[in-house]
There are 2 protein chains.
Amino acid sequence: MNQDKYEACPVARSVQLIGDRWALLIIREAFDGVKRFSDFQKNLNVAKNILSDRLAKLVDAQILKNQPASNGSAYLEYVLTAQGYALFPIIVALRQWGEQFLFAEDQPHSILLEKNTGDELALMQPMTKKGKHLLAQETFVKKIN
Amino acid sequence: MNQDKYEACPVARSVQLIGDRWALLIIREAFDGVKRFSDFQKNLNVAKNILSDRLAKLVDAQILKNQPASNGSAYLEYVLTAQGYALFPIIVALRQWGEQFLFAEDQPHSILLEKNTGDELALMQPMTKKGKHLLAQETFVKKIN
DNA sequence: CAGTATCCCTCAAGATACTG
DNA sequence: CAGTATCTTGAGGGATACTG
């Protein structure tokens, strides 16, 4: 890709940061409450040097922070920053699309529910601030300089 | 990654399909109305063999379809299928996250607006079917077998 | 124009061993 | 436990030439 070229598209910049094989899965694990190096490693079955590299990059990108463990253990833990936390809609959108199209009827999968009530989530859908749902063709990209 | 391992997580499956350097950018172009090989190539500045490969994979994944051009030209065009079209929330979520965190105040960027009214889009946010906004920690993943 | 066919090269990725 | 260091491999990617 063009690393040197100035990327004015926010999609491109996001993809540059989190659009690789491991980053999004690490982030998914973080949303599931995983905090420790060895737990990421076991769950994702990723080589340790790769995991180490990716975690460092995510810390660098201010998506994760590496802080003293909250439970009193001697080690550090990786937790989402506010900026990383804001990736939640992306994770949910990826999850919902996968649920819809990538599983056969009878295949085991998993769904996201509200913790207290067990309520299902609505399908995420872009809308205006007034609450009107928008199809892709009802939108356009405006450049701001 | 573990190609052979059965992936029960919808996020993982989605990432396997569209979580690479080019796929999401190709899809973004498709949402912007790009249909022709050479236009993808010019806009993305990607090697032709790579583009060829990625387009084929996206057609294979039923995200794009390669059909006779609608404008009467002799060539084929790549357009989003319904399944590809359903990626719109993911693109918007990526865009909004990038807009929020990856641009300095004064940097040129772009935003998505409603075509007819110019209205801004609301920040996408997961919610229940009853319309209640949900934070990540208010959700849990339930396995379905 | 819309690709395919080669060639080459870099870097991501994995395995393994080692360290504080 | 939580990494770093080293080595090897292979896939992803780019440049170029060629084809219907």
Side-chain angles (χ1 to χ4, degrees), chain A residues 1-5 7 12 15-30 33-61 63-80, chain B residues 1-5 7 12 15-30 33-61 63-80:
Chain A
M1 189 124 55
N2 259 339
Q3 294 288 10
D4 49 318
K5 190 190 152 209
E7 285 291 356
V15 169
Q16 274 184 3
L17 275 187
I18 59 175
D20 78 280
R21 291 239 292 269
W22 292 117
L24 277 168
L25 296 180
I26 291 172
I27 291 162
R28 179 203 64 187
E29 291 295 315
V34 172
K35 296 176 180 174
R36 298 183 62 156
F37 188 91
S38 59
D39 291 332
F40 284 109
Q41 215 241 316
K42 269 179 286 185
N43 294 353
L44 295 174
N45 197 27
V46 53
K48 289 163 71 163
N49 50 349
I50 304 296
L51 177 59
S52 177
D53 177 78
R54 279 322 124 87
L55 287 170
K57 280 183 180 160
L58 289 171
V59 168
D60 222 56
I63 289 168
L64 296 177
K65 57 187 166 187
N66 196 8
Q67 63 182 19
S70 49
N71 62 5
S73 94
Y75 302 106
L76 299 178
E77 62 183 16
Y78 294 90
V79 294
L80 291 161
Chain B
M1 187 126 56
N2 260 338
Q3 293 290 8
D4 48 316
K5 189 190 155 209
E7 283 291 356
V15 169
Q16 274 183 1
L17 276 186
I18 58 174
D20 78 280
R21 291 240 292 267
W22 293 117
L24 277 168
L25 296 180
I26 291 173
I27 291 162
R28 180 203 64 188
E29 291 294 315
V34 172
K35 295 176 182 174
R36 296 183 62 157
F37 189 92
S38 59
D39 290 332
F40 283 109
Q41 215 240 315
K42 268 178 288 185
N43 295 353
L44 294 174
N45 196 27
V46 53
K48 289 163 70 164
N49 51 350
I50 304 295
L51 177 58
S52 177
D53 177 78
R54 280 320 125 89
L55 287 171
K57 280 183 180 160
L58 289 172
V59 168
D60 221 57
I63 289 168
L64 297 177
K65 57 188 167 187
N66 196 8
Q67 64 183 18
S70 49
N71 62 3
S73 94
Y75 303 105
L76 299 177
E77 62 182 18
Y78 294 90
V79 295
L80 291 160

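Naming: A, B, ... by sequence-line order, numbering from 1 per chain.
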Find the distance B:L51:CG to D:dG12:C1' and express it as a whole number of Å. 14 Å
From the set C:dA2, D:dG3, D:dG14, return the single nucleotide nearest to any side-chain atom of B:K48. C:dA2
Can you measure A:N66 atom CG to D:dT4 atom P for me and round it to whole angstrom units? 10 Å
A:Q41 side chain to A:V46 backbone, donor-acceptor under 3.5 Å: yes
Just checking B:D53: base, sugar-phosphate only, or nothing, at a heavy-atom cut-off of under 4.0 Å? nothing
Whole-Å gap separating P (D:dT4) and CD1 (A:I50): 12 Å
Check whether any side-chain heavy atom of B:R54 lies under 4.5 Å from a side-chain heavy atom of B:D20, and answer yes or no. yes
Looking across every strand, which nucleic acid part, if any, lies under 4.0 Å from A:Y78 by heavy atom: base, sugar-phosphate, or nothing? sugar-phosphate
Closest to the B:N49 side chain: C:dG14, D:dG14, D:dG3? D:dG14
Between B:K57 and B:D60 (salt bridge meaning N to carboxylate O under 4.0 Å), is one present in this structure? no
Using side-chain heavy atoms (C-beta onward) and a distance below 4.5 Å, is A:L64 in contact with A:V79? no
Compare the minimum distances between each of D:dG13, C:dT4, D:dT4 and the side chain of A:S52, then state the nucleotide with the smallest one. D:dT4
Paired to C:dG20 by Watson-Crick or G-U wobble criteria (both distances under 3.5 Å) is D:dC1
Using only side-chain N and O atoms of A:S38, determine if any of them is under 4.0 Å from OP1 or OP2 of D:dA2. yes
Select from A:R36 and B:K57 the residue whose nearest nucleotide in DNA chain D is closer to the 5' end of that strand. A:R36
Looking at B:R54, I'd like to know whether one of its side-chain N or O atoms comes within less than 4.0 Å of OP1 or OP2 on D:dG13. yes
Atom CG of B:N45 and atom C1' of D:dA15: how far apart are they, to the nearest Å? 12 Å
Roughly how many Å is it from CH2 in B:W22 to C1' in D:dA11, rounded to a whole number? 16 Å
Residue met sooner reading DNA chain D from 5', once B:A47 and A:K42 are mapped to nucleotides: A:K42
First of A:D20 and A:Y75 reached from the 5' end of DNA chain C, by closest nucleotide: A:D20
Are B:I26 and B:V34 packed together at the side-chain level, in the sense that at least one heavy-atom pair is separated by less than 4.5 angstrom? no
Tell me the interatomic distance from A:Q41, atom CD, to C:dA13, atom C1', rounded to whole angstroms. 13 Å
Just how far, in rounded Å, is P of D:dG12 from CG of B:L25? 17 Å
Could you check how far CD1 of B:I26 sits from C1' of C:dG3, rounded to whole Å? 14 Å
Scan every strand shown for a Watson-Crick or G-U wobble partner of D:dT9, both distances under 3.5 Å, and answer none if you come up empty. C:dA12
